[in-house]
Amino acid sequence: EADRMFNMGFLPDIRKILRHVPAKRQTLLFSATMPDDIRQLAQDVLHSPVTVEVNPSAPACTVDHALYPVEPHLKTELLLELLRHTDTKSVLIFTRTKHRARRVGQQLERAGLRAASLQGNLSQKQRQAALDGFRDGRYQVLVATDIAARGIDVSLISHVINYDMPDTADAYTHRIGRTGRAEKTGDAFTFTTREDGAMVRSIERVLGKKVECRSVPGFNYRKPAAAGDREFARRPQEMAHRGRKRWMA
């Protein structure tokens with residue numbers, strides 16, 4: 001997974017290795033996504049590279065997409081409402097950080113859901129136990145970061161929920177590609193905040209269409225953050241759920 005390795009700071013180590021291998025060699029670089037900056041790094045490391053692309057990164061037509069605008073501090077409550085009122089089988093939830101993956105997984109467990117988290121602070125044994133439990137159905141919900149989720153191959157995932165917006169449109173395609181597989185249909189729900197407007201537009205360009213904005217009937221979108229909430233220490237503002245309005249960055 002070259003893109004993630006480079007983004008995590010492994011490039012200096014790769015350059016050290018290259019100084020100790022023959023100048024004339026064969027080098028193979030594999031990656032599920034290849035943003036422009038990572039493609040340039042590949043050009044620096046490889047000699048006259050040839051690109052072999054299998055199944056170019058285009059969103060699966062078997063996936064239905066929806067946006068759920070929400071204040072950051074209400075994401076977990078909205079997630080619980082969606083899970084309670086949506087017909088799901090296996091649900092894969094993506095967060096931006098390992099701390100948030102752990103916290104959201106614990107909150108879902110306390111709410112009575114069969115949930116586990118998959119993130120970088122787990123031992124290999126714990127990671128494997130979470131993944132095996134999700135694959136065999138002991139866990140209905142798996143909360144993971146992008147890095148931890150690499151390698152997940154579960155064919156019966158009915159829903160992918162982006163608790164946090166991905167960093168790139170390619171990452172969005174990679175995430176939602178975990179559902180709608182093996183000739184089955186799937187759903188991709190994405191929680192959006194005011195800061196996500198530019199990424200929403202990027203994703204819509206990749207999809208070639210506008211993505212429907214939805215709201216959950218009866219949910220209190222104007223509930224303030226709890227006192228002492230360090231993670232979401234700001235007051236909610238009125239959301240635009242009607243029509244085709246977007247939250248813009």
The side-chain hydrogen bond (donor to acceptor under 3.5 Å, both in side chains) partners of Ser202 (sequence neighbours excluded) come to Arg205

Next on the checklist: Go through it in stages, so that I can follow the logic: the residues are His159 and Leu83, the test is side-chain contact (heavy atoms from CB on, under 4.5 Å), and I'd like the CA-CA distance, side-chain angles, deciding distance and then a yes or no.
Outcome noted: CA-CA 10 Å; His159 291 73; Leu83 293 177; over 6 Å; no

For this session: Look only at the side chain of Tyr221 and the backbone of Val216, and say whether a donor-acceptor pair between them is shorter than 3.5 Å.
Result: yes

Output for pair (Gln26 CD, Leu46 CG), nearest 0.5 Å, gives 11.0 Å

Worksheet item: Less than 4.5 Å apart, any side-chain heavy atom of Lys75 and any of Thr193?
Response: yes

- Item | Salt-bridge criterion met for Arg214 and Asp64 (N-O under 4.0 Å) | yes

All heavy atoms of Thr86 vs all of Leu82, minimum pair found to be OG1-O, 2.6 Å

Subject >> hydrophobic_cluster_shared for Leu118 and Leu92, side chain cutoff 4.5 Å >> reply: yes

message = Could you check whether any side-chain N or O of Gln140 sits under 3.5 Å from a backbone N or O of Lys89, counting only pairs where one atom can act as donor and the other as acceptor?
response = yes

Check: Are Thr168 and Thr173 side-chain neighbours, meaning at least one heavy-atom pair lies under 4.5 Å?
Finding: no

Hits for side chain to side chain contact (heavy atoms under 4.5 Å, CB included) against Met165, two or more places apart or cross-chain, chain-then-number order -> Arg96, Thr190, Thr192, Asp196, Met199, Val200, Ile203

Verdict with reasoning, Glu71 to Arg222, per salt bridge (Lys or Arg N to Asp or Glu O under 4.0 Å):
CA-CA 8 Å; Glu71 289 287 347; Arg222 304 199 57 188; over 6 Å; no

Take Thr145 and Thr95 through the side-chain contact (heavy atoms from CB on, under 4.5 Å) test and state the conclusion after the steps. CA-CA 5 Å; Thr145 61; Thr95 64; 4.0 Å; yes

**Request:** Kindly assign one of parallel, tilted or perpendicular to the pair Tyr163 and Phe191, based on the angle between their ring planes and the thresholds 30° and 60°.
**Result:** tilted

Taken in chain and number order and not counting sequence neighbours, the residues that satisfy side-chain hydrogen bond (donor to acceptor under 3.5 Å, both in side chains) with Gln106 are none

Rounding to 0.5 Å, atoms CZ (Arg103) and CG (Leu108) come to a distance of 10.0 Å

Item to check | Transitive ILVMFWY side-chain link Val104 to Tyr139, under 4.5 Å | outcome: no

Go through the steps to decide whether Phe134 and Ile157 satisfy the test side-chain contact (heavy atoms from CB on, under 4.5 Å), and finish with yes or no.
CA-CA 10 Å; Phe134 185 56; Ile157 295 175; 3.9 Å; yes

Shortest non-hydrogen pair, Val206 vs Ala169, comes out as CG2-CB, 3.6 Å

Hits for side-chain hydrogen bond (donor to acceptor under 3.5 Å, both in side chains) against Arg19, two or more places apart or cross-chain, chain-then-number order -> none

Is Arg201 salt-bridged to Glu204, going by a charged N under 4.0 Å from an acidic O?
no

Residues passing the side-chain hydrogen bond (donor to acceptor under 3.5 Å, both in side chains) test with Arg110, sequence neighbours excluded, are none

dist Phe94:CZ -> Ile161:CD1 (nearest 0.5 Å) comes out at 11.5 Å

Nearest heavy-atom contact between Ala111 and Leu80 is CB-CD2, 3.6 Å

Notebook entry, point to check: Val160 and Leu142: same hydrophobic cluster, using ILVMFWY side-chain contacts below 4.5 Å?
Noted result: yes

- Other residues, nucleotides, ligands: >12 heavy atoms within 6.0 Å of Asp136 CG: yes

Checklist line | ILVMFWY cluster, Leu74 and Leu113 together (side-chain gap under 4.5 Å) | finding: yes

With sequence neighbours left out, the residues meeting salt bridge (charged side-chain N to carboxylate O under 4.0 Å, His left out) with Arg102 are none

Query raised in the report: Any donor-acceptor pair under 3.5 Å linking the side chain of Arg114 with the backbone of Gly137?
Result: yes

dist Gln119:CD -> Thr97:OG1 (nearest 0.5 Å) comes out at 9.0 Å

Is any side-chain heavy atom of Tyr172 closer than 4.5 Å to a side-chain heavy atom of His65? yes

Between the CG atom in Leu131 and the CG atom in Leu122, the distance rounded to the nearest 0.5 Å is 11.5 Å

CD (Gln107) and OG1 (Thr76) are apart, to the nearest 0.5 Å, by 4.0 Å

Donor-acceptor under 3.5 Å (Gln126 side chain, Ser123 main chain) | yes

Looking only at heavy atoms, the pair that brings Ser117 and Ala101 closest together is CB-O, 3.5 Å

